[in-house]
Structure formats: structure tokens, C-alpha cells
Amino acid sequence: MAAPWVLHVDLDQFIAAVEVLRRPGLVGLPVVVGGRGDPTERGVVATASYAAREHGIRSGMPLRTAVKRCPDAVFLPADNPAYDVASAGVMDALRALPGVVVEVMGWDEAFLGVDTDDPEAFAAHVQAQVYAATSLRCTVGIGDNLLRAKIATGFGKPAGVFRLTRGNWFAVMGDRPTRALWGVGVKTARKLADRGLHTVADLAAADPAALAADLGPARGPYHVQLGRGIGRERVDGTPWVPRSHGRETTFQADLEDWADVRTEVAGLARTVAGELAGRPARRVGVTVRFVPFTTRTRSATLPAPTLDADVLAAAAAGVLDRFPTRRAVRLVGVRAEF
DNA sequence: TCTGGGGTCCTAGGACCC
DNA sequence: TCTGGGGTCCTAGGACCC
């Protein structure tokens with residue numbers, strides 16, 4: 001009788017791989033995708049090819065830093081519609097697999113729920129089918145829950161397969177820093193370290209009630225579970241219902257004049273209104289990033305849910321008026337909540 | 001290293017009501 | 001006059017992820 005497994009499928013250097021597919025001359029070269037493709041502009045790296053990573057280029061790094069590390073890299077603008085198409089091809093290939101439940105996690109990753117006696121063989125089949133359909137390589141993590149499958153993927157990169165279960169959790173993860181866990185970022189890792197909790201094994205042995213005082217009533221105990229490798233076991237294939245939709249813009253030159261900030265917010269609100277896709281906005285939020293990098297948000301519940309661009313723009317303008325400062329601005333954003 | 005853009009969920013305090 | 005406890009909504013911010 002086949003056992004239930006969770007597989008985490010993660011495309012290798014997805015965005016760079018999509019770009020290389022349509023420009024075969026770039027195979028093996030350092031390729032950096034991000035922003036408008038101009039490394040003298042404000043922008044960050046979305047994905048770097050493995051050749052670019054050898055020069056120390058990483059996702060999230062400013063393009064201006066990336067070009068210093070590798071002046072010869074090929075810089076390309078992000079082409080989101082192309083990645084949407086490529087991603088849809090991958091997800092279709094996954095859904096075509098027999099007997100699987102697919103939970104999409106983003107452009108380049110998904111969880112699969114499958115009953116099988118040989119998860120490694122199934123993983124190899126997944127890789128072959130994805131490659132046949134899209135010419136893209138992926139890594140597959142195998143786990144007895146989503147958390148372990150997700151973390152397993154990191155050990156299988158690139159193009160490999162790795163299995164992580166309750167059986168080998170502490171052997172593989174116990175001595176690693178808490179930061180290695182999916183859901184522990186720099187801030188939380190620092191807080192945990194302040195409590196003397198440095199490794200995954202430390203966290204697993206911590207007192208949930210004590211951590212609740214530090215991290216919050218839900219987060220504290222949840223993080224102890226993370227340390228133990230415990231997480232959701234059932235892959236959920238129900239279609240995702242978006243909670244919000246927004247747009248934001250970083251300006252190449254800071255906006256000094258508040259009238260320009262107003263104009264930009266109104267324009268973004270209209271753009272967002274045009275992308276509501278029939279889901280009325282119940283709340284609207286405005287983000288302002290002041291120079292040098294201080295970010296503030298304000299939001300308001302609308303008198304009535306709306307799809308109307310004029311109404312949303314007026315509401316966003318009203319929210320913007322509540323910002324107390326009028327310093328130079330480097331980014332504004334507008335978000336609608338449903 | 002002068003730090004994008006798209007999201008999600010949690011937390012905490014205050015308002016307000018019963 | 002002084003005072004309770006619970007529930008829910010709103011809002012700002014924090015943290016994290018891809």
C-alpha cells in the first residue's frame with residue numbers, strides 16, 4: 001500500500017533559465033536579470049545564473065553592486081509576462097502527473113502531494129516530465145511534511161533529489177543555525193540567539209511558553225515546532241484566493257515636490273483599480289518610502305467596496321493626506337485589500 | 001552592498017459595544 | 001460614583017517569503 005509523500009518542486013535559476021532558453025548564446029555565461037536591465041539604475045537582482053553566482057552575485061543584491069562584482073555579466077530586464085507563461089507551462093506539466101495534488105507557491109515552485117512507495121523514482125519522473133514539457137531543470141525535495149520537503153530541496157540543488165523526514169531531521173539539521181529554517185529570518189534568528197538558541201536542535205528543545213513571551217502567543221510555539229521539523233502534512237490543491245493586489249514604484253530620482261507624490265499615488269491607484277479583476281477593494285493602503293529608506297504605511301477601510309478607479313484614487317489621495325511628513329520620497333505604493 | 005516589487009500572516013493597542 | 005471582562009473591528013508596523 002502506497003504511503004503519502006510531500007514533494008517540493010523548485011525550478012533551478014528559473015528566471016535566468018527562461019532568458020537563456022530564448023537566447024541560446026547565453027548558455028554558461030554570467031546572466032543577471034533584474035530591474036530594467038541597466039546596472040547603473042536603482043534596482044536589484046531578481047535571479048543570477050550559476051556562472052554569475054560564482055562571482056558572488058545573489059538575489060536581492062543591488063544591480064550597481066552586481067556590476068562591480070562581475071562587469072562582464074549580461075544584464076537583462078525582468079520580463080514578467082514571459083515568466084508567467086513559462087511558469088504556467090511548468091504547473092500544467094505538474095498537474096498532468098497522475099494522482100498528484102498541486103499547491104503552487106510562486107512562479108518557480110510548487111508542492112506535490114502523492115501516494116507512492118518510491119518517492120525518489122517519482123521525483124525523477126517529475127524532473128523528466130517538467131524537462132520534456134518546458135526544457136527547464138528542477139530540484140525535488142522529498143518530505144513527510146511541507147516544511148521538510150521545502151528544506152530538502154536546498155540539499156538537492158541543482159537538478160537533484162533529497163529526502164528529509166523525521167528519521168534524519170536532527171542528523172541533517174540539528175547543528176545548523178536557526179536561520180536555515182523556512183520561516184526564520186535574520187531578525188528572528190537574532191532574537192533566538194539572544195536567548196541562547198543558536199541551532200535547530202537548541203530551538204527544538206526550547207520552552208514554547210517562554211518563546212511566546214518573546215515572539216508572540218502564536219509565533220513562539222510555532223517556532224519551536226519549526227525546530228522540530230513539524231509542519232503541515234496535507235498538500236492543499238484548492239485554487240488560491242488573493243487577499244490583496246498592489247503596485248509600487250521606486251523613482252530613479254527622488255521626488256522632492258509633494259505634488260508629484262500626489263500625482264504618482266493617483267496614477268498607481270488607477271492602475272490597481274484596472275487590475276482588480278472583478279474583486280472589489282474593501283480597504284486601500286498607501287506606502288511611502290522617504291529618503292533615505294524610511295518606510296511608512298497608512299490605510300483606510302472604504303465606506304463601501306469598490307471597483308471604481310475614481311473612487312479608489314480619491315480614497316488613496318485621502319490616505320496620502322494623512323502622512324505627517326513631506327520629506328523627499330523614493331518610493332510610493334498603493335495596495336487594495338479584498 | 002545605498003538597498004525592487006509582489007505578496008502573506010501575525011501582533012498589539014485602541015475604539016467601541018454589550 | 002467607580003468599575004469588570006469579553007468580543008470584534010480598525011489600524012500601523014514587523015517579519016518573512018519568492
Side-chain angles (χ1 to χ4, degrees), chain A residues 8-11 13-15 32-47 55-70 77-80 83-84 87 104-111 146-147 150-151 153-154 178-179 181-192 212-223 226 240-252 254 268 271-272 275 282-303 319 322-324 330-338:
Chain A
H8 178 252
V9 178
D10 193 300
L11 279 293
Q13 46 172 7
F14 173 68
I15 290 171
V32 178
V33 183
R36 298 194 290 198
D38 179 348
T40 68
E41 286 191 350
R42 284 178 173 170
V44 299
V45 176
T47 306
H55 291 84
I57 297 176
R58 297 284 178 273
S59 296
M61 173 181 285
L63 294 175
R64 287 167 176 166
T65 305
V67 74
K68 280 180 202 157
R69 299 214 175 172
C70 184
D79 180 0
N80 293 9
Y83 314 142
D84 282 335
S87 177
V104 178
M105 293 300 286
W107 268 341
D108 65 342
E109 58 179 290
F111 288 103
L146 278 74
L147 173 67
K150 165 79 183 176
I151 294 175
T153 300
T178 56
R179 184 73 180 84
L181 294 166
W182 185 38
V184 176
V186 240
K187 308 280 185 153
T188 303
R190 203 171 295 151
K191 270 192 190 176
L192 295 173
D214 267 14
L215 302 180
R219 289 200 100 92
Y222 171 75
H223 279 78
L226 277 186
W240 181 252
V241 180
R243 273 72 161 164
S244 66
H245 174 74
R247 290 278 174 177
E248 57 186 53
T249 310
T250 292
F251 306 108
Q252 289 303 321
D254 302 328
L268 285 173
T271 300
V272 168
E275 295 170 337
R282 298 185 67 249
R283 290 176 54 78
V284 61
V286 175
T287 300
V288 177
R289 179 124 74 215
F290 296 99
V291 175
F293 208 71
T294 309
T295 308
R296 290 285 177 266
T297 63
R298 290 285 184 281
S299 62
T301 299
L302 300 172
V319 172
R322 288 170 28 218
F323 281 78
R330 65 174 282 145
L331 168 149
V332 295
V334 174
R335 175 161 300 277
E337 293 175 33
F338 308 124

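Residue numbers start from 1 in every chain, and the chains themselves are labelled A, B, ... in the order their sequence lines are given, proteins ahead of strands.
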Show every donor-acceptor pair shorter than 3.5 Å between a side-chain atom in residues 59-68 of chain A and any protein atom, with sequence neighbours excluded, or say none if there are none.
unit_1  : atom_1 : unit_2  : atom_2 : d
A:Ser59 : OG     : A:Ala46 : O      : 3.3
A:Arg64 : NE     : A:Thr40 : O      : 2.9
A:Arg64 : NH2    : A:Thr40 : O      : 2.9

- Note on the structure: A:Pro217 meets the side-chain contact (heavy atoms from CB on, under 4.5 Å) criterion, sequence neighbours left out, with none

- Query: Quick one: stems for DNA chain C, with Watson-Crick or G-U pairs under 3.5 Å, at least three in a row?
  - Reply: B:5-18 with C:5-18

- Item | Partner set under salt bridge (charged side-chain N to carboxylate O under 4.0 Å, His left out) for A:Arg247, not counting sequence neighbours | A:Glu275

- Item | Residue-level proximity of residues 289-297 of chain A to DNA chain C when a heavy atom falls under 4.0 Å | A:Arg296, A:Thr297

- Could I get the full list of side chain to side chain donor-acceptor pair (under 3.5 Å) partners for A:Glu41, not counting sequence neighbours? A:Arg36

- Of all residues at least two apart in sequence or in a different chain, which pass the salt bridge (charged side-chain N to carboxylate O under 4.0 Å, His left out) check with A:Glu248? none

- Message: Any base atoms under 4.0 Å from A:Ser59, or only sugar-phosphate, or nothing? Heavy atoms, all strands.
- Response: nothing

- Message: Categorize A:Leu331 for me: base, sugar-phosphate, or nothing, with a 4.0 angstrom heavy-atom threshold over every strand shown.
- Response: sugar-phosphate

- Query: Which is true for A:Ala300 with a 4.0 Å heavy-atom rule: it touches a base, it touches only sugar-phosphate, or it touches nothing?
  - Reply: sugar-phosphate

- Note on the structure: Taken in chain and number order and not counting sequence neighbours, the residues that satisfy side-chain contact (heavy atoms from CB on, under 4.5 Å) with A:Ala300 are A:Val319, A:Arg322

- Task: Would you classify A:Trp182 as touching base, sugar-phosphate or nothing, given that sugar-phosphate means primed atoms plus P, OP1 and OP2, and contacts are heavy atoms under 4.0 Å?
- Result: sugar-phosphate

- Query: With sugar-phosphate meaning primed atoms plus P, OP1 and OP2, does A:Gly35 contact a base, only sugar-phosphate, or nothing at under 4.0 Å between heavy atoms?
  - Reply: nothing

- Query: 5'-most contact on DNA chain B: A:Met61 or A:Ala213, nearest heavy atom basis?
  - Reply: A:Met61

- Task: May I ask you to say what A:Leu181 touches in the nucleic acid, namely base, sugar-phosphate or nothing, with a heavy-atom cut-off under 4.0 Å?
- Result: sugar-phosphate

- Task: Can you tell me which residue pairs pass the side-chain hydrogen bond (donor to acceptor under 3.5 Å, both in side chains) test with a partner in residues 214-223 of chain A, sequence neighbours excluded?
- Result: A:Arg195-A:Asp214

- Message: Both A:Arg69 and A:Arg219 contact DNA chain B. Taking the nearest nucleotide for each, which residue is further toward the 5' end?
- Response: A:Arg69

- Task: List in chain and number order the residues that pass salt bridge (charged side-chain N to carboxylate O under 4.0 Å, His left out) with A:Arg298, two or more places apart in sequence or in another chain; answer none if no residue qualifies.
- Result: none

- Task: Shoot me the first and last contacting nucleotide of DNA chain B against chain A, ordered 5' to 3', at under 4.0 angstrom to non-hydrogen atoms.
- Result: B:dT1 to B:dA12

- Message: Applying a 4.0 Å non-hydrogen cut-off, can you work out what A:Gly34 is touching in the nucleic acid: base, sugar-phosphate, or nothing?
- Response: nothing

- Task: Please state whether the rings of A:Phe111 and A:His8 are parallel, tilted or perpendicular, taking 30° and 60° as the class boundaries.
- Result: tilted

- With rounding to whole Å, what would you report as the distance between B:dC16 and C:dG4 at their C1' atoms? 16 Å

- Item | A:Arg283 and A:Ser299: CA distance, side-chain angles, deciding distance, side-chain hydrogen bond (donor to acceptor under 3.5 Å, both in side chains) verdict | CA-CA 7 Å; A:Arg283 290 176 54 78; A:Ser299 62; 2.4 Å; yes

- Message: Using a heavy-atom cut-off of 4.0 Å across all strands, would you classify A:Val186 as base, sugar-phosphate, or nothing?
- Response: sugar-phosphate

- Note on the structure: Sorted by chain and residue number, the salt bridge (charged side-chain N to carboxylate O under 4.0 Å, His left out) partners of A:Asp79 (sequence neighbours excluded) come out as A:Arg22

